[in-house]
Each structure stands twice: as structure tokens, then as C-alpha cells.
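We use all heavy atoms of the structure for the numbers below, so side chains are in, but hydrogens, waters and symmetry mates are not.
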Amino acid sequence: RVTSIADRLNVEFALIHKERKKANEVDRMVLVGDVKDRVAILVDDMADTCGTICHAAEKLVSAGATKVYAILTHGIFSGPAISRINNASFEAVVVTNTIPQEEKMKYCPKIQVIDISMILAEAIRRTHNGESVSFLFSHVPL
């Protein structure tokens, strides 16, 4: 996934390798690549309590990243998540509107929401008409 995104954006990439001893608990994180004097963008499918992404942001800053952004598909943001994001070094945490975020945004100005209703509608339309849904991977409707 990282290679695909980096290729499409024509940028270099680094990644953070997570090791878990058990579910929902990161034992160790290792940064692979160089982020010194660069803007770092964390990409993940979801964030619940935000312990992992905040820890990753700290690792990026300590490795020399000048700015850190997070882009998440689903922002669950339960428990200490909002406090963690507010205290972390993120410029912004961008999530889709698969989960309503209006209340969370009142307490965390770093959260920004992207509306994906058009792409979901197009995926439904394509499925209904027997058309390619994978076409949307490279052609996003506006």
C-alpha cells in the first residue's frame, strides 16, 4: 500500500513496522527509512484510542520529520483519543465521514473530515450496473 501511494504521488517513503505481542497492543515500532527534514504522512485504515498513531508521530518527530499528518479511513476516536491527538505533534488528522465527527471536532481542531459520499455512491452504482469498481482506484469522482 505504501509503495503504491508513494509511486502515485511521485515521492519517497518510509514505513513504521509494528510488532504486537497481543491484539490491540503494540510491543515495538521500528522506523524504516529517512524522514529527516521531511513532511511525514501517516496512513492507516482506522484509529480507535490513537495510542499507535500518536506513538508513531513521536517516532517521526524524533527522527527529524518537520511536520506530521495522519490520514485515516475510519476515525473511531474512543476513550483518550481526543486528548492524545491534541497533545501529539500532528498538524492535522484527516478522516473520512464514515463515522460522524462533528462532536469530536468541537474538542479537537486538528481533526479534518473528507466527504466520501460521492465515491460510495459511484461504487454502488457500478456494482448495480455490473461495471468495474476497481476503476475507482485510479479515477475518483469529484
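- Listed for the Ser62 side chain is a donor-acceptor partner under 3.5 Å among the backbone atoms of Lys59.
- The side chain to side chain contact (heavy atoms under 4.5 Å, CB included) search around Ser89 returns Ala57, Val61, not counting sequence neighbours.
- In terms of heavy-atom proximity, Pro109 sits nearest to Asn86 at CD-OD1, 3.9 Å.
- Qualifying side chain to side chain contact (heavy atoms under 4.5 Å, CB included) partners for Val140, counting only residues two or more places apart in sequence or in other chains: Ile119.
- Counting non-hydrogen atoms of other residues, nucleotides and ligands closer than 6.0 Å to CE of Met29 gives a total above 12.
- For Ala63, the side chain to side chain contact (heavy atoms under 4.5 Å, CB included) test picks out Leu31, Val35, with sequence neighbours left out.
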* To do: Check the pair Ile41, Val43 against side-chain contact (heavy atoms from CB on, under 4.5 Å), reporting the backbone distance first and the verdict last.
  => CA-CA 6 Å; Ile41 303 170; Val43 179; 4.2 Å; yes

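- Taking both residues in full, the closest heavy atoms of Ser117 and Asn97 are given as N-OD1, 4.4 Å, listed atom of the first, atom of the second, then distance.
- Listed by first then second residue, pairs satisfying salt bridge (charged side-chain N to carboxylate O under 4.0 Å, His left out) with a partner in residues 91-107 read Glu103-Lys106, not counting sequence neighbours.
- Think of Leu15 as one node in a network of Ile, Leu, Val, Met, Phe, Trp and Tyr side chains linked at under 4.5 Å; its network also takes in Val2, Phe13, Val30, Val32.
- In this structure, CG in Leu60 is found 13.5 Å from NZ in Lys36, a value given to the nearest 0.5 Å.
- Ile76 CD1 to Gln101 CD: the interatomic distance, rounded to the nearest 0.5 Å, is 9.5 Å.
- A continuous path of Ile, Leu, Val, Met, Phe, Trp and Tyr side chains, each step under 4.5 Å between heavy atoms, connects Ile5 with Val11, placing both in one hydrophobic cluster.
- No side-chain donor-acceptor contact under 3.5 Å links Lys110 to the backbone of Met105.
- Distance check: Ile99 CD1 to Phe77 CZ gives 8.5 Å after rounding to the nearest 0.5 Å.
- Closest heavy-atom contact between Val95 and Gly75: CG1-CA, 3.9 Å.
- For Ser4, the side chain to side chain donor-acceptor pair (under 3.5 Å) criterion is met by no residue, not counting sequence neighbours.
- Under the salt bridge (Lys or Arg N to Asp or Glu O under 4.0 Å) criterion, Arg28 pairs with Glu19, not counting sequence neighbours.
- Between the CG atom of Asp45 and the OG1 atom of Thr73 there is a distance of 6.0 Å, given to the nearest 0.5 Å.
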With a 3.5 Å cut-off and sequence neighbours excluded, list the donor-acceptor pairs that the side chains of residues 64-72 form with protein atoms.
from, atom 1, to, atom 2, distance (Å)
Thr66, OG1, Arg38, O, 3.2

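- The side-chain heavy atoms of Val94 and Ile114, taken from C-beta on, include a pair separated by under 4.5 Å.
- Pairs passing the salt bridge (charged side-chain N to carboxylate O under 4.0 Å, His left out) check and including a residue from residues 123-142, sequence neighbours excluded, read Glu122-Arg125, Glu122-Arg126, Arg125-Glu131, Arg126-Glu131.
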Taking only distance into account, with no hydrogens and no angle test, what donor-acceptor pairs under 3.5 Å do side-chain atoms of residues 47-54 form with protein atoms, sequence neighbours excluded?
from, atom 1, to, atom 2, distance (Å)
Asp48, OD1, Ser78, OG, 2.2
Thr49, OG1, Arg84, NH1, 3.3

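- Pairs of residues two or more places apart, or lying in two chains, that qualify as ring pair (Phe, Tyr, Trp, His ring centres under 6.0 Å) and include a residue from residues 104-142 are Phe135-His139.
- Taking all atoms of both residues into account, the shortest heavy-atom contact from Lys18 to Asp44 is NZ-OD2, 4.1 Å.
- Among residues two or more places apart in sequence or in another chain, the side chain to side chain donor-acceptor pair (under 3.5 Å) test is passed with His55 by none.
- Taking both residues in full, the closest heavy atoms of Ile82 and Cys108 are given as CG2-CB, 3.8 Å, listed atom of the first, atom of the second, then distance.
- Side-chain contact between Val113 and Thr96: absent, with no pair of heavy atoms (C-beta onward) separated by less than 4.5 Å.
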